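Bear in mind the structure is a predicted one, so any value in this text is a computation, not a measurement.
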Amino acid sequence: MADGSEESVTWSELSAVVVRVIPEGPWNEDVFLMLAAADGTGTAVPSGDPAADALIERLQTLPGFDHDKFVEAMTTDADEAYVVWKANGS
């Protein structure tokens, strides 16, 4: 984080993945990968982050990952949050 603090979610704690689209583009970051833990904590990774491509590849291997919804989220400019995965398929 800009203030030096850190946010993280371990794979075992991951409970949901949300793609949050904010219509700020094309010059400002407008797509964020929101990783939520069961305890309500989480982190947001901008899609333009150098680590985002590898993260996306790993997220797409999660059982039940909604690839169609992910593509929709990544190709829209709607101000919306897209839940692309939830733990236990819930």
Side-chain angles (χ1 to χ4, degrees):
M1 303 295 296
D3 65 2
S5 65
E6 292 186 12
E7 295 177 341
S8 65
V9 176
T10 65
W11 290 115
S12 63
E13 296 171 330
L14 188 64
S15 66
V17 177
V18 176
V19 178
R20 179 67 173 105
V21 180
I22 304 168
E24 296 288 331
W27 295 280
N28 294 322
E29 189 64 53
D30 60 350
V31 178
F32 296 86
L33 304 168
M34 313 289 289
L35 309 177
D39 66 3
T41 61
T43 189
V45 178
S47 64
D49 186 287
D53 288 344
L55 175 61
I56 290 168
E57 284 183 26
R58 173 62 176 91
L59 292 172
Q60 290 177 323
T61 68
L62 293 169
F65 186 90
D66 190 333
H67 296 278
D68 292 336
K69 191 168 279 190
F70 178 77
V71 169
E72 180 183 349
M74 297 301 285
T75 58
T76 187
D77 60 1
D79 187 356
E80 196 167 331
Y82 296 82
V83 178
V84 294
W85 181 82
K86 281 191 171 185
N88 302 321
S90 56

So, are Arg20 and Asp79 salt-bridged, with charged N and O less than 4.0 Å apart? yes
Backbone N or O of Gln60 within a donor-acceptor pair of the Trp85 side chain at under 3.5 Å? no
Report the distance from atom CH2 of Trp11 to atom CG of Leu35, rounding to the nearest 0.5 Å. 7.0 Å
Distance, nearest 0.5 Å, that separates CE of Met74 from CG of Leu33: 6.5 Å
Looking at every heavy atom in both Val45 and Asp49, which two are closest together, and how far apart are they? CG1-CB, 4.0 Å
Show your working on side-chain contact (heavy atoms from CB on, under 4.5 Å) between Val18 and Val84 and close with a plain yes or no. CA-CA 6 Å; Val18 176; Val84 294; over 6 Å; no
Might you point out which heavy atoms bring Glu57 and Thr61 nearest each other, and give the distance in Å? O-CG2, 3.4 Å
Can you tell me how far the OG1 atom of Thr76 sits from the CG atom of Asp30, to the nearest 0.5 Å? 10.0 Å
Mind running side-chain contact (heavy atoms from CB on, under 4.5 Å) on Ile56 and Phe70 for me, showing each step along the way? CA-CA 10 Å; Ile56 290 168; Phe70 178 77; 3.6 Å; yes
On a heavy-atom basis, which atom in Pro46 and which in Phe32 lie closest, and how many Å separate them? CA-CD2, 3.7 Å
Using every non-hydrogen atom in the two residues, find where Ala37 and Val9 come nearest and quote the distance to one decimal. CB-CG1, 4.1 Å
Heavy atoms of Val17 and Leu59 approach each other most closely as CG2-CD2, 3.8 Å
Check: Ala87 main-chain N/O paired with Ser15 side-chain donor or acceptor under 3.5 Å: no
Work out which heavy atom in Ala52 is nearest to a heavy atom in Ser47; give both atom names and the distance. CB-O, 3.3 Å
Report whether Leu55 and Val71 are members of the same hydrophobic cluster (ILVMFWY, side-chain heavy atoms less than 4.5 Å apart, transitive linking). no
